[in-house]
Amino acid sequence: MKSNSRWSELKKSMSPTIAELKFTVKRIRESPLSIMGMAIIMFFAAIAILAPILAPPVNENPYIMPHDGWKRVPKPPSPKHIFGTTSGQYDVFYGCIWGTRTAFYVGFEVVGISLLIGIVIGSLSGYYGGIVDEIMMRFTDIIYAFPGLILAMALVVAFGRSLESVLLALVLVSWPTYTRVIRGEVLKVKQTDYVEVAKAIGCSDFRIITRHILPNAIYPVLIMASLNIGSVVLTAAALSFLGLGAGESFADWGQLISNSRDYIMGTAANPLAYWHTWLIPGLFIFMFVLGWNLLGDAFRDILDPTIRRR
Amino acid sequence: MGMKAYIVRRVLLFIPTLLGVTLLIFAILQFFTPEERASAYIRGTPKNPDVIYRVIEKYHLDAPLHIQYYFWITRVLSGDLGIAKSAGNIPVSVALLKGIPATFELVIFSIPSIIFLGIYLGIKSAVNRDKASDHIIRIFSIIGWSLPTFWSALILISIFYGGLGWVSAGRLSNEAYGVVTSPNFIRYTRINTIDGILNGQLWITIDALKHIVLPVINLTIISVALIVRVMRSSMLEELSKGYILTAKAKGLSNDVVINKHAKRNALIPVVTISGVLTAGLLTGVVITETVFNYKGIGYFAAHAALQMDIPSVLGFALFVGLVYSVANLIVDITYAYIDPRIRVE
């Protein structure tokens with residue numbers, strides 16, 4: 001009996017949340033843009049999962065692209081290489097397929113690690129305040145003083161050219177955003193009565209942060225972070241294009257274009273002679289980022305409380 | 001808090017930011033050994049190791065960090081950022097100064113087209129919410145937002161320069177370049193469109209304009225979405241407020257309500273976003289200039305990065321950090337000026 005009444009109490013207290021959630025789902029299903037975005041991401045997920053079947057690996061490390069000779073001049077699409085080859089004879093099709101895995105990997109890893117750093121530092125900063133908070137916020141200010149790609153460029157030059165450097169540089173430029181959002185949310189939740197009560201009954205700080213504050217503060221940043229995957233991949237591609245990527249043989253979309261950088265302008269007689277070296281990998285980057293941004297744009301509208309019901 | 005007090009406080013806050021920007025660049029420099037850092041001050045490759053050790057000693061490159069920072073910042077303030085090996089062994093500061101007019105020209109032409117197009121499309125989208133034109137504008141702005149800068153630039157180049165043979169990449173055609181670099185032509189500003197007029201050679205201006213159109217379009221495509229998005233949502237918010245209903249109830253026409261009432265208030269958030277727009281442009285020029293072979297500071301930085309030219313890349317980053325910080329300072333003060341609520345906080 002008792003548990004039953006608690007259940008109904010819980011149900012009652014949760015009903016606005018559930019109603020809002022249902023409304024959100026309804027809006028998502030009504031929004032053609034978010035459906036389109038979701039479909040594009042699913043498509044890329046399928047490519048990433050099926051990569052070993054679509055483009056059977058030749059090397060022990062599947063991310064190292066096979067190459068058919070060493071000639072510098074890229075070759076146009078042929079039955080053997082359906083998307084053609086880049087300078088150095090790397091197969092564009094293989095690179096595009098396995099590059100999908102690289103894109104997901106870069107996106108998830110950069111966003112995941114920056115988010116983790118953001119959650120830890122943001123909640124400590126927001127909860128304890130004082131000098132730690134002050135130092136952390138000034139530190140984020142400094143990172144914010146640079147446009148992300150340009151700071152990342154300087155960092156990769158300092159760390160040395162490699163995929164790890166790109167990942168580290170991207171994490172270093174993106175953690176402040178999550179830290180600030182989490183801190184802001186923690187500051188809000190900290191004021192609530194239930195946190196005061198938890199303090200009064202002697203809960204440890206650790207318990208208060210992990211059990212009472214974070215579950216109520218983390219939601220907006222989780223959505224924001226997951227939708228940033230597109231822009232992370234876009235920045236990583238720009239770094240690769242600038243020649244600061246993983247290296248010539250690594251399956252990565254930006255790297256494929258960078259490999260043929262001396263040829264992308266074509267020849268004097270035919271400026272489009274090597275179109276396949278940049279148009280195809282670029283299309284993969286564009287579609288991938290588009291998928292995340294379509295989803296992100298729809299979500300932003302749906303979750304923005306000031307315009308959601310109009 | 002009055003306007004004056006706010007400005008003073010904001011300018012004072014600018015000092016730690018400047019210190020932070022220089023400290024971060026200095027920290028990145030510490031990834032390199034004193035020998036590597038010393039070679040940044042030597043033209044070409046030193047033949048003899050003694051040269052490097054002399055530079056280390058002269059510039060205090062192995063001193064304790066705070067002493068090193070002192071000597072480094074003194075040199076930076078006097079304009080010594082090292083030697084740009086990727087730009088023919090000229091000082092980094094000279095290379096930057098040479099590139100600034102070109103980049104400035106590009107940015108100055110891009111900003112109006114981004115802002116006006118963004119505001120126009122944002123309003124149109126908000127007013128026609130959930131109608132066809134709203135969907136079309138949103139899809140186009142999301143497409144622009146998702147385009148890799150270098151990819152859209154390559155597509156534009158292929159169609160207009162390659163396919164249609166419009167002009168060739170670069171800042172000027174060969175004939176115009178010959179004239180501009182000849183001793184008779186005085187480069188007052190190094191901004192070709194202006195110098196053409198000042199020298200009474202209008203065709204130079206037209207030639208420069210022809211070459212700048214595509215890079216401007218490219219920067220507009222990738223940045224306009226930002227303004228559209230902010231303008232749309234702030235316009236939607238304004239349109240739902242009580243005073244709009246009052247204005248409509250008074251019998252004012254839709255045009256007046258939108259342009260005289262809602263638009264003015266909706267523009268305020270666009271000001272805040274101009275800081276982010278600056279960042280987007282500073283990033284955009286690096287790639288756009290590289291693809292269009294347009295020799296500004298972005299082109300310089302991209303080539304330096306390709307050749308791992310440390311002093312050039314870090315000098316560029318420092319410069320951009322300073323420009324961006326000043327831009328943010330200006331944005332904050334403008335915002336406080338037009339929206340008094342900010343000053344009270």
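Numbers restart at 1 for each chain; the letters A, B, ... are given by sequence-line order, proteins then strands.
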Heavy-atom side-chain contact between [X] and [Y] under 4.5 Å:
| X | Y | result |
| --- | --- | --- |
| B:Ile25 | B:Val76 | no |
| B:Ile100 | B:Phe319 | yes |
| A:Ile47 | A:Phe288 | no |
| A:Leu256 | A:Cys96 | yes |
| B:Trp151 | A:Leu279 | yes |
| A:Thr86 | A:Ser260 | yes |
| B:Thr22 | B:Leu318 | yes |
| B:Val92 | B:Phe300 | yes |

Practice prompt. Using a cut-off of under 4.5 Å on heavy-atom pairs, state which of A:Leu242, A:Leu155, A:Val156, A:Leu239 scores highest against chain B.
Written response: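 Counting heavy-atom pairs under 4.5 Å, the top option is A:Leu242.
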Contacting region of [X] [heavy-atom separation from chain A under 4.5 Å]:
| X | result |
| --- | --- |
| B:Ile287 | side chain |
| B:Ala301 | both |
| B:Thr290 | side chain |
| B:Leu147 | both |
| B:Phe316 | side chain |

Worksheet item: Among residues 129-144 of chain A, which ones touch chain B with a heavy-atom distance under 4.5 Å?
Response: A:Ile142, A:Tyr144
Worksheet item: Could you name the residues of residues 246-255 of chain A that have a heavy atom within less than 4.5 Å of a heavy atom in chain B?
Response: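 The residues closer than 4.5 Å to chain B amount to none at all.
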With only heavy atoms counted, which part of [X] is less than 4.5 Å from chain B, the side chain, the backbone, both or neither?
| X | answer |
| --- | --- |
| A:Leu244 | side chain |
| A:Leu290 | both |
| A:Leu151 | side chain |
| A:Phe241 | side chain |
| A:Leu283 | both |

Discussion item. I need the full list of side-chain hydrogen bond (donor to acceptor under 3.5 Å, both in side chains) pairs touching residues 228-238 of chain A, with sequence neighbours left out, sorted by first then second residue.
Written reply: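 Pairs touching residues 228-238 of chain A that pass the test: A:Tyr178-A:Asn228.
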Worksheet item: Using 30° and 60° as the class limits, which term best fits the ring planes of B:Trp72 and B:Phe26: parallel, tilted or perpendicular?
Response: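 Aromatic pair B:Trp72/B:Phe26 classed tilted.
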Fill in: B:Phe140 CZ: over 12 foreign heavy atoms closer than 6.0 Å
no
Discussion item. For A:Gly230 versus A:Val289, what's the shortest heavy-atom pair and its separation?
Written reply: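 Minimum heavy-atom separation between A:Gly230 and A:Val289: O-CG2, 3.6 Å.
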Let me check something: any side-chain donor-acceptor pairs from residues 277-284 of chain B under 3.5 Å, sequence neighbours excluded? List them with distances.
from: B:Thr278; atom 1: OG1; to: B:Ser274; atom 2: O; distance (Å): 2.7
from: B:Thr278; atom 1: OG1; to: B:Gly275; atom 2: O; distance (Å): 3.4
from: B:Thr283; atom 1: OG1; to: B:Ala279; atom 2: O; distance (Å): 2.7

Looking at [options], which makes the most heavy-atom pairs under 4.5 Å with chain A?
| options | result |
| --- | --- |
| B:Ser325, B:Ala327, B:Pro148 | B:Pro148 |
| B:Ile155, B:Thr17, B:Ile139, B:Leu19 | B:Ile155 |
| B:Leu29, B:Ile143, B:Val291 | B:Ile143 |
| B:Leu314, B:Leu154, B:Val313 | B:Leu154 |

Going by distance alone, is a donor N or O of one side chain under 3.5 Å from an acceptor N or O of the other, for [X] and [Y]?
| X | Y | value |
| --- | --- | --- |
| A:Ser165 | A:Ser162 | yes |
| B:Glu36 | B:Ser39 | no |
| B:Arg232 | B:Ser125 | yes |

Worksheet item: Are A:Phe159 and B:Phe31 close enough that their ring centers fall under 6.0 Å?
Response: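 Between A:Phe159 and B:Phe31, the centre distance is under 6.0 Å.
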